[in-house]
Structure formats: structure tokens, C-alpha cells
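Reminder, nothing fancy here: chain letters follow the sequence lines and each chain counts from 1.
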2 protein chains.
Amino acid sequence: MSDNARENNKGAMPRGKRAAIPRTTLQRLPFYLRALYSLEEEGWEIVSSTQIAELVGSNSAQTRKDLSFIGEFGQRGVGYNVPKLIQELEKFLGVTRKRKVVLIGVGRLGSAILLYKGIRQRGFEIVAAFDVDPEKIGTEVGGVPVYDFNKFEEVIGNEKIDIAMITVPASEAQKVVDRIVQAGVRSILNFVPTPLKVPKGIPHRTVCLSAELQILSYLLKSAKPRIAGRRRRDRAVASERS
Amino acid sequence: MSDNARENNKGAMPRGKRAAIPRTTLQRLPFYLRALYSLEEEGWEIVSSTQIAELVGSNSAQTRKDLSFIGEFGQRGVGYNVPKLIQELEKFLGVTRKRKVVLIGVGRLGSAILLYKGIRQRGFEIVAAFDVDPEKIGTEVGGVPVYDFNKFEEVIGNEKIDIAMITVPASEAQKVVDRIVQAGVRSILNFVPTPLKVPKGIPHRTVCLSAELQILSYLLKSAKPRIAGRRRRDRAVASERS
DNA sequence: CTCTGTGAAGTTGTTCACAGCC
DNA sequence: GGCTGTGAACAACTTCACAGAG
């Protein structure tokens, strides 16, 4: 689930000239991209900020402002060219260069991720998976070979690993993080629901199912109970998040 | 994953007297809770905001401010009582009342979630799963019975479902959302990477693996390459998010 | 002296509203 | 007339710094 604590904007300023993009904007960019893929499939060539915003559950001003951080790709009086904007977003996010990904911990969740097609479609390449279970080592899951985690450094050799996804038991997570960081992994996507220390300078995010459920649980308390029958103008106000 | 777009604070004001909690704070609370569980296991009875902050990758001022939104549970000059604070956080998040959860779409990811123990430990009860595949209907996954989604309303009957987790193919997602909302589901945790329209008043969050990877991909561009050998004071500055 | 709770200051993010261009 | 891009106004969030309590 997502940069959860520390959603703010410390450091992380690209070395280019352009000022750092706000963290909040960064977190919305993938959703704009998703919306654009969807619009492209429907055959749209040109779209307005209002259309994009509707799919993302935002508003047009926010959308324009966000997109303006990555450059001026719209045309006044007209809108945004869909393929062009997709290309620019991909470039900005750095997903044009086939990022190398590994996964550590081929359990239930790990396997589900390896079998998930969506990642590979989006410019990420899962080059290897690791586990310590002899039953799993040597097999393939979703086309990805499973290696012995104890030979991690040996297996990755000189390949620069961009992202490591961690789906190991909580008790092992810190050891795994320490080791892969030492081995030169550049960033981490953590699925383990336990506090972790990650060295400064290694971007990392955590996806936590329980946290998501807890947040919804809180929001339920404040949501007005919907009156059966009388669903007041449920005109499905588009909204891609709570 | 996670309230991704629209991270802001619209509506959602609890009907109690206390002012609405900031959205950002809400998103950190589950991580404080996680840290506290961990501290409790280690046998801590009293902890300081600094200790909690370290595990969460935040700072003590932020932690104190956040916790102050839910009440005054610390003791000046002393710290916070761990079990007490856990209890208050759980109460605040509304996870003391065993939330009823269903899952729709028993594919790879859906199965992985059903088999995941963590959710049930944390006060959530997965009461049913749904699919349309006759092979799956009638089976059990992780102790949860799988029913025919076409009989959704019939199966849930009068039970109030607090949260529906959606792990169906993108092409089906909107239909599923429309139907379960109509059937009275109160909130949604979406894993489908496609734009969705959800009626206003239904809290919902999205967990999106590709979005997480894309964000990391961007952060990699700005991260300083670490010089081999000379790892400048990698004193593992605790930090629970990028 | 230690550690919480919190106004006030400082910072970051969002929305408005309009100039500029089609 | 429609729609982008953007300063300026506004709102939200974070950090500071200190009073208050043990």
C-alpha cells in the first residue's frame, strides 16, 4: 500500500534543473497514467483536464497543476494529446527504461505477484525470485526462476537491481532488507507488515493490507448510513479514492 | 494502493464533537499501531513518542501531534502506556467491533489474500468470498467459503458488510462495484488497476502495485547513486516510507 | 531533568480566477 | 466559446518551541 507514513517531501529533488515535484503530485501521476491508458483504449485522441480528473476522482485544476509540473504538454483551447501525454508521463516516471525487479519470499502473496501480468506490461521486468525453501528453489513461478536467497549476491552478480519486492515472514524482513541493500539493491517495495529500518537514500514504500482496512474501518464510523430505498442522487460521482 | 488520488480532507467528518482528524494523520495511525504491537511484543510497558517515531520513520513532534488528535493518553515526563495506547488506537479506528469483510474474485491475488492470516488477527472477519467460476464455487479457500457472485444479495442476506475487497479482472470491476454498492456494502478496498466510479458516501481505497512501482521508479532517478564501498554513514535512519 | 500536549510559526499543497491561445 | 497554464489567495499540514506535569 503506498508511502504511508512520511508522505511529505523530504529530499528527493531530481538533479535536473526543474524544481522538485510535490510528493502528493507524484503519487497521483500513476493514476493519471492509468486513466490515460483507459482513454486511449476507448479511442480518445485528445482529452481535457476535466475528463482526466473525472476518471481519477479529482478536479480539473488539480489535474492541470499536477501535469504542469512535468511540462507543458497541453494545447490551450484544445486539450491534451493522449499518446503524447502518456509518453511524457512514462518518461517522467522513468518507466521507459525497463526497470529490473526481484522478489524475495515466494509464499502465497509472492507467488500471486509473480503470476500477475500487469507489472510486466508496464515496463517492469521481474528478473529473479528468491526463497530459502528447498522445495521452491529451482522451480519457476509465472516464468520467473526461483533461486536460493542465500546465494543472492552470487545470482544477481553485476546486474543493477532497481527494485526489490519483499514478501517474506515478518521475522525475516529486517535481515533481508539489510542484506539486499548491502548487495546494492536501489529501492524497496515492502509488503511485510512490520516496522523496518531502511538506510537513508534507499527509496522505499510499504503496502499494508491491514492498514488499508483500518483506515476504511475508521471512515465507516463517519460515513453517513445510507437510507435503504432513498439513495440520494447516487450519480456515482467519480472518485478514485476514499 | 491506498487513497491515492484525493488524499485530502473532503467531508468525512465524524459525527462526534471532536473536529475531523487530518487525512494525513489517519493514514499514519495504522503504522503507529503496528509499531506499538511490535513494542508490546518486545515487552515495553511505557514508550516515548521518540521511540514510536523511530519505528515509523517519523519524528517525535509529528507523533505527539498525531496521537493528540485521538486524545490525551500520554503522561508528561513519562511517556505512553503501550497497552493503553493500543487499545485507544483500536477503538479510534473502529477495529474493536469485528468488521465484516467479503472478497470478490478468487483468482491468484484473491486467494493469496484469503490465505493471509494477518487480516483476521487484526479484528477483521472474512465472512464470504465470491466468484463466477463454477470450479471455484462451493470450495473453501483459507477457511472462507466461495459462493456464486450471481447470488451475492441472496448470500449476504441481511448481514451488513463493512468492507468488500475487489480482486476481479479489470473488465468486470465496474459492474461488480455497482452491484455490491446497490446491495448495501459500506466500503470498498479495490485492487483492480482501472479507473472506477464509486458513489459518493462509500469510502474506498485502491491498492495498486503498478502505481507503487512507478513511484519508486521516479524516485530512483533522483536518488543519488551510492558509491560502492563508501556508504556514507548508513546509520539506517529509521523510515517507514520512501 | 524528562517527556507530553499544543499554540504559533513556517512550509507545503489546493483551489481560484484569469490571461493567453486555439 | 473552450481549454490550458499559472500566479495569487487560501487551506492543510508539519515543525518549532515552550508551558505544564511528573
Spacing between [X] atom [atom1] and [N] atom [atom2], to the nearest angstrom:
X       : N      : atom1 : atom2 : answer
A:Gln62 : C:dT12 : CD    : P     : 17 Å
B:Asn59 : D:dA17 : CG    : P     : 13 Å
B:Ile52 : C:dG5  : CD1   : C1'   : 14 Å
B:Gln51 : C:dT2  : CD    : P     : 15 Å
B:Ile21 : D:dC13 : CD1   : C1'   : 13 Å
B:Asp66 : D:dC13 : CG    : P     : 11 Å
B:Arg23 : C:dG13 : CZ    : P     : 17 Å

Exercise for the section: Please list, chain by chain and in numerical order, all residues satisfying salt bridge (Lys or Arg N to Asp or Glu O under 4.0 Å) with B:Lys100, sequence neighbours excluded. Expected result: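 Here the qualifying residues are B:Glu125, B:Glu159.
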Practice task
Name all residues meeting the salt bridge (Lys or Arg N to Asp or Glu O under 4.0 Å) criterion together with A:Arg120; count only those two or more places apart in sequence or in a different chain, and write none if there are none.
Solution key: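 Expected list: none.
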Pairs under 3.5 angstrom only: tabulate donor-acceptor contacts from the side chains of residues 78-99 of chain B to other protein residues two or more places apart or in another chain.
unit_1	atom_1	unit_2	atom_2	d
B:Asn81	OD1	B:Lys84	N	2.9
B:Glu90	OE2	B:Tyr37	OH	2.5
B:Arg99	NE	A:Ser217	OG	3.0
B:Arg99	NE	B:Gly94	O	3.0
B:Arg99	NH2	A:Ser217	O	3.1

Handout entry: Short side-chain N/O contact from B:Thr25 to OP1 or OP2 of D:dC13, under 4.0 Å
Key =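 Looking at the OP1 and OP2 atoms of D:dC13, neither is under 4.0 Å from any side-chain N or O of B:Thr25.
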Practice task
Any chance you could list the contact pattern along nucleotides 2-8 of chain D? Use B for base contacts, S for sugar-phosphate-only contacts and - for none, protein heavy atoms under 4.0 Å, 5' to 3'.
Solution key: BBBBBBB
Problem - Heavy-atom check, side chain of B:Leu213 versus side chain of A:Arg122, under 4.5 Å - result: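 They are not in side-chain contact.
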For residues 167-174 of chain A, run the donor-acceptor check on the side chains, cut-off 3.5 Å, and write out each pair with its distance to 0.1 Å, sequence neighbours left out.
unit_1	atom_1	unit_2	atom_2	d
A:Thr167	OG1	A:Ile104	O	3.2
A:Thr167	OG1	A:Gly105	O	2.5
A:Glu172	OE1	A:Lys175	NZ	3.3
A:Gln174	OE1	A:Lys197	N	2.9
A:Gln174	NE2	A:Asp178	OD1	2.9
A:Gln174	NE2	A:Lys197	O	3.0

Exercise for the section: Just jot down the side-chain contact (heavy atoms from CB on, under 4.5 Å) partners of B:Ser48, sequence neighbours excluded, or say none. Expected result: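 If we apply the side-chain contact (heavy atoms from CB on, under 4.5 Å) test to B:Ser48, skipping adjacent residues, the hits are B:Thr50, B:Gln51.
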